[in-house]
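Structure first, commentary second.
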Amino acid sequence: MPRDRPSLSDRVTNAAARGVIGLALALPYRWRVPLMGWVAARIAAPLAGWDKRVRANLAHVMPDLPEAEVRRMVRRVPDNIGRALIETYSGDTFRARLRDAPLNGPGVAALEAAHRGGRPVLFITGHFGNYEAARAALTMRGYTVGGLYNPMENPLFNAHYTRAMAALGEPIFPRSRKGMARMVRHVRGGGMVGLIVDQFIRHGTPLDFLGKPALTALSAAEMAVKYDALAIPIYGIRRPDGLDFDVLVEEPIPHGAPEEMTQAMNDSLAAQVRKHPEQWFWIHRRWKTKPGAWHPDEP
């Protein structure tokens, strides 16, 4: 949650970030996106220790990955993160680029039927590609897709970042008691919302993700069953040009036990990570067992 009052560090960090973002936004879109990728990979990642985090997580789940591929991932992962950040801040320009992005996959028909019939939909995704790309593509097609997000600790950065997210489609809901209550009302009324399921949750259930146990929330599965919502995995997959996306819509996950449904969500995301490993946010401490602690055999 954001702090009540910004610290000096918050102010300095926010000023630097706003300066870089403002400079990038002054450039044509086809230049600003790769520029922010370069800044994230060459400047932000070493300063923030992301390179070490990427290496540690890869060693944890892909210990046999060749060193040359590890080095490539150390650059490509933050590059994707930087691109995704400035894309989110690009608002209407980003949305317009996604107007004609194709919706592919076996779940498209179910999604369209739910849209026509007013059935609630939970879009299941992760910190992969640009997770706002699918939501933006759907809103450009007339869908109303809300988003649930974790507020950032820096209140200054959080304020303008949430405005940028809202510009891509509303409503958006902070992960808080009030925000969750609003989201539930939205879903109960037949609404659609995007949920990111690859976050460490303190009281989560240990489920497999990329071959290792990861504490995972069961709430998306429980909500889908309770409100008869479709749980549809969806991904904005970055194309090789680094600027455009394919939107993959998978078949809805069948309702059942929350643990089984949530494991299916993890498996869906893991399959995409294996296909496009550089597009997952390997900077996360996904395999923590509790806040601030690691299992001895975890990174």
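Only a predicted model underlies this, so the values are computations on that prediction, with no experimental measurement involved.
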As an exercise, state the distance from [atom1] of [X] to [atom2] of [Y], rounded to the nearest 0.5 Å.
X    : Y    : atom1 : atom2 : result
L207 : M261 : CG    : CE    : 12.5 Å
R175 : S219 : CZ    : OG    : 6.5 Å
R11  : N154 : CZ    : CG    : 9.5 Å
E153 : D10  : CD    : CG    : 8.5 Å
R30  : R97  : CZ    : CZ    : 9.5 Å
D208 : N266 : CG    : CG    : 7.5 Å

What's the shortest heavy-atom distance between [X] and [Y], and which atoms?
X    : Y    : value
N80  : E278 : CB-O, 4.0 Å
P46  : A41  : CD-O, 3.6 Å
A214 : F209 : CB-CB, 4.2 Å
E87  : G242 : OE2-O, 4.2 Å
P258 : A221 : O-CB, 3.7 Å
I196 : D198 : CG2-OD1, 3.0 Å

Donor-acceptor pair, side chain of [X] and main chain of [Y], under 3.5 angstrom:
X    : Y    : answer
Q279 : R238 : yes
H186 : M192 : yes
R72  : A68  : no
W280 : R274 : no

Look at the rings of Y161 and F157 and say which category their plane angle falls in: under 30° parallel, 30 to 60° tilted, over 60° perpendicular.
parallel

Aromatic ring pairing Y89/H160, orientation class (parallel under 30°, perpendicular over 60°, tilted between):
tilted

Count I, L, V, M, F, W, Y as connected when their side-chain heavy atoms are under 4.5 Å apart, and connections chain through other members. Are [X] and [Y] then in the same cluster?
X    : Y    : answer
F123 : V108 : yes
V33  : L27  : yes
Y227 : L195 : yes
V184 : L218 : no
F173 : I201 : no

With the threshold set at 4.0 Å, does a side-chain nitrogen-carboxylate oxygen contact exist between R83 and D79?
yes

Salt-bridge criterion met for E132 and R95 (N-O under 4.0 Å)
no

Show, in sequence, the C-alpha distance, side-chain angles and deciding distance for R286 and H60, and conclude whether the side chain to side chain contact (heavy atoms under 4.5 Å, CB included) test is met.
CA-CA 11 Å; R286 182 64 188 96; H60 184 53; over 6 Å; no

Criterion side chain to side chain contact (heavy atoms under 4.5 Å, CB included) on I43 and W38, from CA distance to verdict:
CA-CA 8 Å; I43 300 176; W38 185 92; 3.9 Å; yes

Check: [Y] and [X] side chains under 4.5 Å, non-hydrogen atoms:
X    : Y    : answer
V20  : I86  : no
F94  : L168 : yes
I283 : V54  : yes
R55  : R71  : yes
R75  : R42  : yes
N130 : F245 : yes
T216 : Q263 : no
D228 : H255 : yes

Can you confirm whether the side chains of [X] and [Y] place a donor and an acceptor under 3.5 Å from each other?
X    : Y    : result
S176 : R182 : no
H284 : N57  : no
T205 : E259 : no

Quick check on the 6.0 Å ring-centre criterion: do Y235 and H276 meet it?
no

Does R188 CZ have over 12 foreign heavy atoms under 6.0 Å away?
no

Using side chain to side chain contact (heavy atoms under 4.5 Å, CB included) as the criterion, point out the one residue from [options] that pairs with [X].
X    : options                : result
I232 : L122, T125, L111, I253 : L111
W282 : R76, M62, H127, R53    : M62
I234 : L248, V145, V247       : V247

Between L103 and L138, does the side chain to side chain contact (heavy atoms under 4.5 Å, CB included) criterion hold? Intermediate values first, please.
CA-CA 9 Å; L103 299 183; L138 290 170; 4.0 Å; yes

So ring-ring contact (aromatic ring centres under 6.0 Å, His included) across residues 99-120, not counting sequence neighbours, yields H115-Y143

Begin from the C-alpha positions of L8 and V12 and carry the test side chain to side chain contact (heavy atoms under 4.5 Å, CB included) through to its verdict.
CA-CA 6 Å; L8 176 60; V12 171; 4.3 Å; yes

